[in-house]
Q: 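I have a structure here, written as structure tokens, and I will follow up with some questions on it.
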Amino acid sequence: SSNTQRKRGAVKRKEQPAGMMMHEPPVIDPSNMDLCVHCGLCAKECPMNCFEHTTGQQPKVRDGSMCLKCSHCVTVCPAGAMSLVGVEVAKTEPHGTPCTFAQAEQLVKQRHAARNFKEEPIPKEKLEKLFSVVRYAQTAGNNQGLRYLLISTPEVIHKCIQLTVDWGLSLENNPIGKMLASIWDNGKGKDPVFRGAHTVLVAIAKKNDWGIIDGSIALATAELVAPTLGLGTCWAGFFQNAALKYEPLQKEVLPDGYACVGALMVGEPLWHHRRVAVRKPVDVTYL
């Protein structure tokens with residue numbers, strides 16, 4: 001049958017766990033292997049046990065059917081010897097000076113939700129810088145399956161607000177709809193969905209087990225990076241819930257087969273916070 005026939009020379013793949021990304025088996029690029037110091041770090045680092053290493057010898061591919069293309073075998077190599085076909089060491093960049101704890105702490109503490117935005121559009125250069133960092137956010141199984149919608153056309157923004165209000169009104173015995181509708185007042189009142197933001201960043205993914213997690217990680221990364229570019233963000237929770245459940249809104253903005261896995265309002269905030277927000281003490285149980 002067509003299910004059992006394989007092209008000559010094709011690599012037989014093991015069945016992978018549900019939800020894992022299918023990647024091609026790794027092929028070691030021999031270009032720089034003369035630099036190999038036979039340390040075996042590539043084999044030790046590989047989370048899927050794709051390589052075998054014998055002391056004093058270069059690594060070999062053991063079974064690459066579960067390769068995640070995470071590139072860790074390339075980035076951990078101390079000699080710059082390891083490259084895979086499609087994952088060349090020349091395409092990687094050095095880490096540079098490690099971020100200090102104090103810098104990381106400040107980055108997290110300076111994040112505040114912005115709910116009041118300037119009228120000016122976000123310069124394209126700032127958005128490109130934001131995406132240049134967000135693309136490094138981790139994804140389950142290194143699937144890197146996220147796509148993004150950047151909604152900034154006034155007509156589309158208006159339509160998304162109205163459809164989100166309509167979703168709220170469709171909920172039975174739920175005061176959200178009436179609250180949204182009273183504030184929106186058929187477009188004559190204030191924007192209760194995007195808080196006046198003229199740009200909305202929507203993460204989308206094919207419908208699977210990992211999309212919501214991947215989208216949350218990516219947009220949380222965007223939240224941390226945005227203030228360094230003078231931008232404020234806030235999760236568009238009403239819109240996200242509507243986009244997950246309300247078919248008219250899904251048809252308006254989502255490509256077929258994709259789900260909304262997160263949404264952020266983005267813009268230059270009208271004002272800046274001067275102090276760190278108060279948080280409850282952390283609750284940790286050590287076992």
Side-chain angles (χ1 to χ4, degrees), residues 6 9-105 107-108 131-146 205-206 208-222 224-225 282 284-287:
R6 295 179 180 273
V11 178
K12 186 176 181 180
R13 306 294 302 278
K14 285 185 177 180
E15 185 176 351
Q16 293 184 321
M20 288 197 68
M21 185 68 177
M22 299 288 286
H23 293 290
E24 290 301 314
V27 177
I28 296 177
D29 183 344
S31 302
N32 298 314
M33 287 306 288
D34 58 326
L35 301 175
C36 179
V37 295
H38 309 154
C39 65
L41 282 181
C42 51
K44 295 173 183 176
E45 173 67 16
C46 179
M48 307 309 290
N49 201 30
C50 292
F51 301 99
E52 59 179 333
H53 173 255
T54 301
T55 302
Q57 296 183 15
Q58 294 181 352
K60 298 178 181 179
V61 175
R62 180 206 312 271
D63 175 8
S65 62
M66 298 292 286
C67 178
L68 301 178
K69 286 296 187 292
C70 65
S71 76
H72 282 198
C73 58
V74 176
T75 59
V76 78
C77 179
M82 173 62 80
S83 287
L84 304 180
V85 174
V87 189
E88 295 83 9
V89 68
K91 293 183 179 179
T92 63
E93 57 184 283
H95 273 302
T97 304
C99 178
T100 67
F101 175 81
Q103 290 169 332
E105 182 182 34
L107 189 67
V108 172
F131 280 118
S132 73
V133 176
V134 170
R135 72 190 184 97
Y136 285 100
Q138 64 267 41
T139 54
N142 195 41
N143 70 82
Q144 300 184 62
L146 290 176
K206 290 185 177 180
N208 58 48
D209 296 336
W210 305 108
I212 288 289
I213 298 173
D214 292 343
S216 297
I217 294 171
L219 295 187
T221 302
L224 292 177
V225 175
V282 66
V284 180
T285 300
Y286 294 90
L287 302 176

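These numbers come from the heavy atoms of this one structure, side chains and all, not from hydrogens, waters or symmetry mates.
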Q: Quick check: closest heavy atoms across V134 and A218, and the distance to 0.1 Å?
A: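 That would be CG1-O, 3.8 Å.
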Q: What pair of heavy atoms forms the shortest contact from C36 to P59, and how long is it?
A: SG-CD, 4.0 Å
Q: Applying side-chain contact (heavy atoms from CB on, under 4.5 Å), name anything that partners P47, two or more places apart in sequence or on another chain.
A: L68, C70
Q: How long is the span from the CG atom in L41 to the NE2 atom in H53, to the nearest 0.5 Å?
A: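 One gets 9.0 Å once the value is rounded to the nearest 0.5 Å.
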Q: Drop me the distance from Q103's CD to T97's OG1, to the nearest 0.5 angstrom.
A: 9.0 Å
Q: Atom CZ of F101 and atom CD of E105: how far apart are they, to the nearest 0.5 Å?
A: 4.5 Å
Q: May I have all residue pairs that pass side-chain hydrogen bond (donor to acceptor under 3.5 Å, both in side chains) and include part of residues 33-45, sequence neighbours excluded?
A: E45-H72
Q: I need the W210 CH2 to S216 OG distance, nearest 0.5 Å.
A: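 That separation rounds to 13.0 Å.
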Q: Is there side-chain contact between M48 and S65, with at least one heavy-atom pair below 4.5 Å?
A: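 No, side chains not in contact.
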Q: Looking only at heavy atoms, which two atoms of Q144 and T139 are closest? And how far apart?
A: N-OG1, 3.0 Å
Q: Give the intermediate values and the outcome of side-chain contact (heavy atoms from CB on, under 4.5 Å) for residues M33 and L35.
A: CA-CA 5 Å; M33 287 306 288; L35 301 175; over 6 Å; no
Q: Any side-chain heavy-atom pair from C46 and C73 closer than 4.5 angstrom?
A: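 When only atoms from C-beta onward are counted, C73 and C46 do not touch, as no gap falls below 4.5 Å.
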Q: How far does CD1 of I217 sit from CG of L146, to the nearest 0.5 angstrom?
A: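 Output value for this atom pair is 9.0 Å.
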Q: Do the non-hydrogen side-chain atoms of I28 and L84 ever get within less than 4.5 Å of each other?
A: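 I28 vs L84: side chains touch.
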Q: Checking N32 side chain against S83 main chain: does a donor-acceptor pair fall under 3.5 Å?
A: no
Q: Using 0.5 Å steps for rounding, measure from the CZ atom of F51 to the CE atom of M82.
A: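 These two atoms lie 4.5 Å from each other.
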Q: Can you check side-chain contact (heavy atoms from CB on, under 4.5 Å) on C42 and C77, steps first, answer last?
A: CA-CA 6 Å; C42 51; C77 179; 5.9 Å; no
Q: Ignoring hydrogens and geometry, is there a side-chain-to-backbone donor-acceptor pair from N143 to A140 under 3.5 Å?
A: yes
